[in-house]
Structures are given as C-alpha cells and as structure tokens.
Amino acid sequence: MQEKYDSKQIEEKWQKIWEENKAFKVTEDKVKKKYYVLEMFPYPSGKIHMGHVRNYSIGDVAARFLSMRGYNVLHPMGWDSFGMPAENAAIQHGTHPAKWTYENISYMKKQLKRLGLSYDWEREIATCTPEYYKWNQWLFLKLQEKGLAYRKQSAVNWCPKCLTVLANEQVEGGLCWRCETQVEQKNLEQWFFKITAYAEELLDYCDKLHGWPEKVLIMQRNWIGKSIGAEVDFKIENSNEAIKVFTTRPDTLFGATFISLAPEHPMVEKLIVKSQESEVKSFIERVKKQSRTARTEALLEKEGVFTGSYCINPLTNKRMPIYIANFVLMEYGTGAVMAVPTHDQRDFEFAKKYNLPMIVVIQPPNWGQISNLSPLQEAYVDDGIMVNSGTFNGMNNRDAMEAIVRHLEEKGIGKKTISYKLRDWGISRQRYWGCPIPMIYCDSCGVVPVPYKDLPVVLPEDVKLTGEGASPLAQSEKFIKVKCPKCGKPARREADTMDTFVDSSWYFLRYASPRENNSPFSKEVVKCWMPVDQYIGGVEHAVLHLLYSRFFTKAIRDLGLTDIDEPFTNLLTQGMVCKEIMKCKEHGYLLPEEVRDKKCIKCGKPVEIGPTEKMSKSKKNTIDPDKIIERYGADTTRVFSLFAAPPEKDLDWSDEGVEGAYRFLNRVWRLVAEMQGAGGRGQGSGETKNPELNYEINRAVKKVTDDLKEFHFNTAIAALMEHINFLYKYEDKNSSQYEEAIEILLVLLSPFAPHICEELWHGIGKKDSILKVDWPSYDEAALKKEEALVVVQINGKLRGRISVPVNIQQAEVEKIALSDSKVSEWLAGKSIKKVVYVQNKILNVVVG
RNA sequence: GCCGAAGUGGUGGAAUGGCAGACACGCUAGCUUGAGGUGCUAGUGGGGCGACCCAUGGGGGUUCGAAUCCCCCCUUCGGCACCA
C-alpha cells in the first residue's frame with residue numbers, strides 16, 4: 001500500500017472496477033425488501049454545481065447504507081432535459097438545442113461518475129428523447145380522454161422575456177420563476193390539466209404524509225387554499241337576474257351594504273347605467289392596464305366606481321349599490337363580493353372612501369368599552385354575538401354561520417360552498433424545446449387527438465430559432481401540415497409544447513422499467529418499486545414539481561395504471577449551499593481571485609466581505625466542484641458536504657472546512673497504512689478483549705447506525721472522527737481486536753467515502769468488495785459499563801462526580817455521594833429536604 | 001399583515017428535560033523540519049490569584065433540575081400576501 005493518500009489514482013481505479021463489475025446494477029428481487037432512493041434529477045445546464053453535489057451525496061450515503069443493511073436499493077439518475085436554456089443557447093450561438101443538451105448530459109454524467117455515486121446507470125433516462133416523451137404524449141391523450149386535459153380561453157401569465165405562458169405556480173411574487181421578469185396578462189387559448197379535480201384529495205393527503213417536512217405541507221395546504229363558505233344570490237333590482245357571491249362569512253350577511261364586482265365580471269356590461277357609462281368604462285380600462293401584480297399588491301389603494309345599479313340584500317331587503325372594485329379578482333370565488341364594511345377591512349376602507357353605509361352585526365365581547373369608538377376605526381373581524389340580524393340576534397356568530405346558510409338553502413337563494421385558491425395547471429408553452437402536444441386542429445372535425453399508433457409526435461429538427469414571434473413549431477410547414485386523422489382533410493398540428501414540469505411529474509415511475517416500449521412503465525415492475533421511499537431535493541419545488549407529481553400520481557392511479565396514492569413516502573428538503581459574497585463599491589461583486597489583501601485588485605479600494613448568500617454565478621460566490629474534486633478528491637468533497645451542516649439546513653462553504661475533511665481522510669489512510677507497516681497482526685486466538693476498545697467499537701457502530709437512520713450525517717461523521725482519535729491513541733496496535741476496530745471504521749465510513757475505504761479494505765487483505773459487506777451490528781451488552789459516572793448536584797448545581805457500580809440502589813449512591821469530601825463540604829450545616837436520583841446519571845440533593 | 005423556521009464560543013455545529021459547547025475549523029504554545037507546509041503533543045466560552053462565579057437573543061414561568069417545555073418581547077431568514 002502506498003504511504004501517501006492519492007485520491008485521484010484511487011478514485012479512478014475503483015470507479016472503473018465498479019463500472020466493469022456493474023456493482024450498482026439492480027433488478028427486482030423477491031427475497032430482499034425494496035428501497036427506492038431518489039434525488040431530483042438535474043436539468044443539464046452544463047456543469048454540476050455544489051447544490052447537486054450536496055443533494056447527490058445525501059442520496060448516495062442513504063442508498064449505500066440501506067444496501068449494506070440488506071435492502072434491494074433502486075437508485076437511478078436521469079435528465080430533466082427539455083427546457084429553455086437549451087433553446088436560448090440555440091438562439092444566441094446557433095447550436096441546436098439537442099446537440100447542446102446531449103453534450104451537457106455527457107459532461108455532467110462524467111462529473112457524477114467522478115463523485116462515485118452508486119447509480120444504476122443502465123436505468124438512465126432523458127426526458128428529451130422520443131422514447132420518453134412519447135409517453136408524455138400518451139399520458140396527455142389519456143388525461144384528455146378523461147376530461148383531465150382540456151382547452152380553454154382565459155387570462156394567462158405571460159413572460160415577455162421567455163416568450164411563453166407560465167402556470168400560476170411558476171409566477172413568484174409577480175415575477176417569472178426562471179428569469180424574474182415581470183409577468184403580464186394575456187388572453188389566450190391554452191391547454192390545461194385539471195389539477196383542481198384533485199384539490200380535496202391533495203389537501204386531504206397532506207395530513208397523511210408523515211414523512212414530509214411540515215414546512216412543505218403547510219406551503220401546499222396554503223397553495224390549495226381551501227375555504228368553506230357559502231354562495232348567495234343577490235337579486236338585481238328591476239331584473240330577474242341575480243349576482244352570485246362567494247363569502248366565508250355568511251354570518252355577516254345582515255351587514256352587507258353594497259356589492260363589489262371584478263372589472264372582468266361578465267355582468268358588468270348589463271349593470272352600467274347610462275349616466276355612469278363613461279366613468280365606469282374609463283375605470284375598467286385603467287384597471288385592466290395594471291399588471292396583475294400591481295392589482296394584487298396589498299398596499300394598493302382600494303378604488304372603485306358605481307355602476308348605477310342596485311341589488312337587494314335577501315335578508316334585510318335593503319338596496320345595495322353595485323360597485324366595480326380594483327381589488328376584486330375574477331379568478332377567485334365568483335368574481336363578486338358582498339361587502340360588509342364593519343367586518344372586513346378591505347370593505348371598510350372602500351366604504352369610507354365612497355361614503356357607504358355601515359351596519360355592525362357582530363358585537364365584540366368587550367362591546368361596552370369600544371362602542372364609544374363610533375365611528376369605527378377599523379373592521380371588527382373576530383368572533384362575537386350577533387346583533388342587527390333579525391331572528392339571529394343573540395346567537396354566537398359561529399353558530400349563526402350555519403344557521404344562516406341553512407336559512408338561505410331553505411329559501412333557495414344560497415348554499416354551502418367550498419372554494420379553492422388552486423387553479424388548473426396551464427401547460428401550453430410557446431417554445432420549441434419541449435414535448436409536442438399531440439393534438440390536431442381540423443376545420444371540419446375540430447380538435448382531434450393524434451391516434452396512439454402515430455405517437456410519438458416528433459419534434460422537427462429544421463426549425464429556425466430566432467427568439468421572436470410565436471411558437472417556433474408554427475413556422476415548420478413540415479410539422480404543422482398534417483392530414484386530419486378523422487376525415488383525412490388537411491389540418492394543422494398544435495404548435496405549442498408542454499410545460500417541462502409535465503416531464504418530471506412521472507419520471508420516477510419510468511425508472512422502474514426505463515426501456516419499456518409498450519407503455520409508459522410496466523405495471524408489475526412499478527408495483528415492485530413504488531412508492532419512492534426517500535426523495536431528496538431542494539425546497540424550491542415545494543409547490544411546483546412536488547405538487548404536480550402528487551397530482552400526476554393520483555391521475556395515473558385513476559387511469560388504472562397503478563394503485564399508488566402518493567409518489568414520495570419520505571421527503572428530505574436539503575438546504576442551500578452558501579458562501580460569503582465580496583463586493584467592491586466600484587466594481588460590484590468580485591471573484592476570490594479579484595481580491596488581494598481584502599482590496600479590489602482593479603481599484604485598490606477595500607472590499608466588503610459577507611454576508612453569506614446562496615451560491616450563484618451573478619454573485620460570483622460559486623465554487624466549482626471540478627476544482628475541489630481535482631484537488632482533494634470525491635471522497636473529501638462528499639465528506640465535507642455532509643459534515644459541514646445537517647442536511648436540511650443551509651451549508652456555509654468553507655475552504656478550511658474542506659481541508660479539515662481532507663485531513664480526516666488522510667488520518668484514516670495513515671492509521672491503516674501504519675498498521676500494515678508494523679507488519680505483525682495479532683493471531684486472534686486466545687486473546688482477551690480490551691474492554692475499552694470493545695466498548696468503543698460498539699459505541700461507534702451504534703452511533704453511526706442510529707445517526708444514519710435519522711439522516712444525521714454530520715454527527716455520524718463526528719462519531720467516526722472520535723473513533724479514529726481513539727484508535728490513534730490506542731496502544732496495543734498488534735491485536736486482532738484492533739484490526740477489527742479498523743475494519744469497522746472502514747465499513748462505517750464507506751457510504752461517505754467509498755473509494756478510500758474500498759482501497760484500504762483491500763489493503764488490509766480483504767478479497768471481496770467492501771460494497772458487499774453487511775452493515776455491522778453492535779453488542780448491546782458491550783455498551784453496558786460496570787461503573788457509572790453519576791453527577792452529583794446540590795440544588796441543581798453541579799458539585800461533584802462519583803463513580804458507582806451500575807444499577808445500584810439509590811440509597812447506596814446517596815451513601816457514596818455524601819461521603820464524597822467535596823459534596824459533604826457543600827452540605828455542611830444544611831438539612832436535606834429531598835433527593836432526586838436518575839439511575840446511573842444524576843443525583844440531585846435539595847437542601848434548605 | 002398572516003403563516004413557519006431559527007437565534008448556543010472567534011466560526012460551522014453538538015446536546016430535545018439530567019455534566020452546555022461533542023466533532024471540526026480557527027487560534028496559541030511546544031516538538032518534528034534547513035525553511036515553509038505537513039504531521040504530532042498540549043491548550044482554547046467569559047470573569048477571577050483562588051475557592052468559585054457568570055454564560056445557550058431578552059424578560060417571566062413550570063420543574064429537584066430548562067439550550068430543551070409554557071407565556072410575552074426582540075432579531076434574522078423563508079413562504080404567502082386585497083383569495084371575499
């Protein structure tokens with residue numbers, strides 16, 4: 001064995017051997033229990049970044065650990081390879097998106113292999129291949145048959161930079177999730193997936209996903225946004241029609257004094273009275289020009305205009321002026337709001353501005369004190385007792401809610417209703433590099449699905465990408481022109497492609513049988529592997545990919561293709577990889593090489609250092625994994641990224657920390673190399689075990705095992721460091737027991753640093769791969785000590801430590817403690833009031 | 001504004017009711033080395049000569065005992081934000 005640890009040589013050697021031996025190939029197994037470990041597959045953007053390294057290191061340790069514990073582990077990898085960057089690269093440099101994508105895949109795959117990740121590469125998939133996206137199209141057709149994919153005209157989010165429509169989930173604070181451009185509204189005819197059909201089930205199962213972080217579930221629940229209320233009809237004065245309103249506060253109905261409509265409400269036209277016409281129309285024009293973001297900005301001043309029409313409050317029979325208000329959204333509820341200024345802050349502000357009547361209908365418990373405050377300073381939105389509400393007076397408002405709804409139902413003018421914030425998922429994208437939507441438009445037959453036998457609808461290669469105009473596919477005559485499958489007359493293909501989130505909504509199923517070519521996946525094989533036992537990825541997909549995948553899983557189940565309700569049993573959302581930023585007042589963000597002695601090398605001005613932020617190219621605080629692997633090796637890179645912080649927390653990059661991880665592996669190397677150098681290893685027979693070393697071996701096994709089960713990688717590595725520190729100091733290095741301790745060290749460390757452990761494993765004479773070794777078990781008896789260190793407290797303060805035989809009676813411990821000179825000093829002249837003893841741990845003497 | 005998470009040495013973090021600071025980084029001293037680096041040994045929360053005292057964002061509480069549980073406040077980060 002070499003004296004010096006040469007990470008590069010070792011890592012290349014073992015990666016080659018593992019590949020040749022197909023060490024990570026996995027097939028279905030009837031005997032072993034399955035375990036499916038999955039990390040979110042990457043978009044092939046060019047190179048992997050530290051976030052990937054962290055994500056995949058976590059997954060790899062989990063996969064290797066479970067595999068050594070006897071599970072049959074499915075651990076696949078692939079590429080989310082449709083998407084805009086490929087198309088943008090094509091526009092800028094003229095490279096075809098396919099070429100760009102496949103080159104990136106090839107480079108990134110090499111990078112992943114250099115990390116020594118235990119993927120079964122025979123299961124690799126790429127969503128941009130016709131073999132994959134054929135099944136996207138197939139699933140689309142199935143959903144369309146079931147009415148879960150449909151086409152409609154509606155206002156949609158348009159990103160002017162990406163030149164495409166975005167789903168609601170892909171707009172973050174009014175900005176495009178990808179490029180942070182202000183999103184605009186456009187009225188377009190688009191394809192939608194009916195995710196709202198699953199709103200209730202998606203919400204319901206949030207309570208059953210015990211293996212998910214509560215944070216993610218809360219975000220999903222909020223996104224679905226269920227609220228229970230009522231729909232109420234407000235009859236329009238001098239008309240037979242009524243305005244339907246959704247309210248979560250039917251208890252305040254007696255206090256409703258006017259109605260607010262969204263500017264887009266379909267009845268607006270009919271309600272405008274001649275005298276108000278010009279004013280109303282100019283208001284609507286003005287509001288429609290505002291972006292949706294501006295309109296949903298909570299700080300925006302509430303504005304409106306009177307239509308001139310009235311409706312009638314069904315309970316009070318009072319006239320209610322009908323207003324159009326800028327803050328009412330057509331997409332939510334019915335696009336019409338019954339305004340109760342006394343018990344809703346928005347209505348309150350609106351009513352004050354336009355001098356509209358206010359009637360208090362819920363009395364706060366402390367009414368006596370605040371009744372003097374009239375006129376009201378703000379709306380009272382909490383619970384109380386009903387007043388000014390006819391026969392409902394005196395009831396508590398919670399009970400009144402139900403009573404009033406019942407009353408409305410009896411009169412046939414209202415009903416209990418549930419409303420959701422979740423909208424259907426718009427999936428049409430006006431871009432080239434995506435999965436074509438398999439639909440045909442025929443002047444005679446209308447919208448016609450592409451027959452299953454004609455799948456896949458292949459992306460044409462001859463499209464010129466300019467970044468201008470509408471869907472690039474529309475420009476390809478060859479693609480667009482098609483015969484109608486029904487009547488044979490000339491027809492046009494759909495020119496939009498699917499949102500790439502469609503591709504990633506079921507890829508985890510494809511891994512089970514990646515080469516299946518009669519269906520998206522083999523039903524039987526999927527049954528063996530699904531659901532994913534452990535899913536790992538960034539929290540940024542909390543309501544994007546993770547919600548879409550849940551929806552797809554349920555829809556696929558209802559197509560009869562599986563019987564799985566939820567795709568991911570356990571979810572780990574890892575934190576971001578951060579590093580401090582460096583900034584020069586004149587030159588902005590600086591790379592480390594642009595800073596010398598804390599000064600900018602361009603202008604010599606002092607550089608501001610910190611705070612730490614998520615690594616990003618624009619902030620110039622990234623670290624290239626290639627460079628770290630080149631210098632320290634994959635094992636060090638992996639160990640550092642797992643040791644520096646618990647997986648769900650943000651990780652602060654530290655060059656010194658990497659050095660520390662490297663030092664640790666070097667210590668492991670030297671320790672084993674020295675054992676070899678010493679030549680003699682113990683005979684093993686007839687030796688008596690050293691109790692301290694025996695304890696240490698079992699302690700390490702237990703600690704690392706327990707920590708790995710909980711994904712506490714940082715403390716597991718710390719335990720291994722303690723183990724090696726112990727072995728460095730241990731004197732009898734020629735015993736077979738010491739050799740056992742070394743073997744245990746290598747086995748326990750191997751999921752984290754597989755290459756060095758494999759090399760050393762063979763170095764100490766083992767013939768089989770360390771991958772095949774069973775995870776060690778520990779001897780509970782060895783962890784029982786004969787003596788226990790009992791801490792003696794007096795009034796809760798530490799006053800002494802005594803060593804006692806384990807499990808002796810409290811009285812005995814007290815006797816020993818009280819005879820301890822230090823303890824007795826503290827007790828002199830005091831009377832003992834109480835003694836608390838926790839076995840083998842602590843003795844607390846309470847004195848007066 | 002609402003919801004959530006977090007706040008512990010110079011730093012990353014450990015301890016989820018029982019010895020606060022495991023492990024690592026950094027720093028200090030010594031040894032090794034021609035030197036630098038590496039490696040090894042020892043030390044390292046603050047205060048005090050000391051016995052000891054003080055310390056887990058701040059304040060209160062529960063408990064024999066609180067970083068940990070409860071209440072109030074402060075700060076930071078994340079998510080949602082006119083959703084009727």
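FYI, side chains are in, hydrogens and waters are out, and symmetry mates aren't considered; it's all heavy atoms of this structure. Quick note on labels: first sequence line is chain A, next is B, and so on, each numbered from 1.
Ionic pairing of A:R221 and A:D207 is present here: one or more N-O contacts between side-chain nitrogen and carboxylate oxygen are shorter than 4.0 angstrom. Salt-bridge check for A:E696 with A:R699: passed, with a basic side-chain N closer than 4.0 Å to an acidic carboxylate O.
Position along RNA chain B of the nearest nucleotide to A:N666 versus A:T334 favours A:N666 as the more 5'-ward residue. Heavy-atom nearest nucleotides on RNA chain B were determined for A:E172 and for A:R346, and the one closer to the 5' end corresponds to A:E172.
The distance from atom CD1 of A:I794 to atom C1' of B:G65 is 14 Å, rounded to the nearest whole Å. The nearest whole Å value for the distance from the CD1 atom in A:I418 to the C1' atom in B:A84 is 16 Å. Per the geometry, CZ belonging to A:R670 stands 6 Å off P belonging to B:G39, to the nearest Å. A straight line from CD1 of A:I259 to C1' of B:A84 spans 11 Å, rounded to a whole angstrom. Taking atom CE of A:M338 as the reference point, atom P of B:C83 lies 14 Å away to the nearest angstrom. Remark: C1' of B:U38 and OH of A:Y632 are 13 Å apart, rounded to the nearest angstrom.
In terms of polar N and O atoms assigned as donor or acceptor, the side chain of A:K302 comes within less than 3.5 Å of the base of B:C82 in a complementary pairing.
Residue contacts for A:R221: at a heavy-atom cut-off of 4.0 Å it reaches no nucleic acid atom on any strand shown. Residue A:S227 is classed as a sugar-phosphate contact, given heavy-atom separations below 4.0 Å to backbone atoms only.
In this structure, the side chain of A:H343 engages the main chain of A:I362 through a donor-acceptor pair within 3.5 Å.
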How does RNA chain B look in dot-bracket notation if pairs are Watson-Crick or G-U with both distances under 3.5 Å, crossing ones as [ ], other-strand ones as |?
(((((((..(((.....[....)))((((((.......))))))(((....)))..(((((..]....))))))))))))....

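Under the ring-ring contact (aromatic ring centres under 6.0 Å, His included) criterion, A:F640 pairs with A:W653, sequence neighbours left out. Applying the side chain to side chain donor-acceptor pair (under 3.5 Å) criterion to A:N168, with sequence neighbours excluded, gives A:N157. Here A:M219 pairs with A:K215, A:A542, A:V543 under the side-chain contact (heavy atoms from CB on, under 4.5 Å) rule; sequence neighbours left out.
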Protein-proximity profile, nucleotides 12-28 of chain B, B/S/- by nucleotide at the 4.0 Å heavy-atom cutoff, equals BSS---BB--BBSSS--

Donor-acceptor contacts, no H, no angles, side chain residues 789-803 of chain A, under 3.5 Å, sequence neighbours left out:
{"unit_1": "A:N795", "atom_1": "OD1", "unit_2": "A:V847", "atom_2": "N", "d": "2.9"}
{"unit_1": "A:S803", "atom_1": "OG", "unit_2": "A:E787", "atom_2": "OE1", "d": "2.7"}

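Remark: A:K797 is not in phosphate contact with B:A66, judged by side-chain N or O atoms under 4.0 Å from OP1 or OP2. Contact annotation: A:R799 reaches the phosphate of B:C53 (side-chain N/O to OP1 or OP2, under 4.0 Å).
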Decide side-chain contact (heavy atoms from CB on, under 4.5 Å) for A:R249 and A:M401; before the verdict, give the C-alpha distance in whole Å, the side-chain angles of both, and the deciding distance to 0.1 Å.
CA-CA 7 Å; A:R249 295 295 303 272; A:M401 276 187 198; 3.7 Å; yes

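Between A:F258 and A:F350, the gap from one ring centroid to the other is short of 6.0 Å.
B:C19 and B:G65: their P atoms are spaced 15 Å apart (whole Å). Straight-line distance between the C1' atoms of B:U33 and B:C49: roughly 39 Å, to the nearest whole Å.
Geometrically, A:K785 engages A:Y695 in a cation-pi contact defined by less than 6.0 Å to the ring centre and at most 45° from the axis.
For B:G9, the base adopts the syn conformation, since its glycosidic angle falls within 90 degrees of zero.
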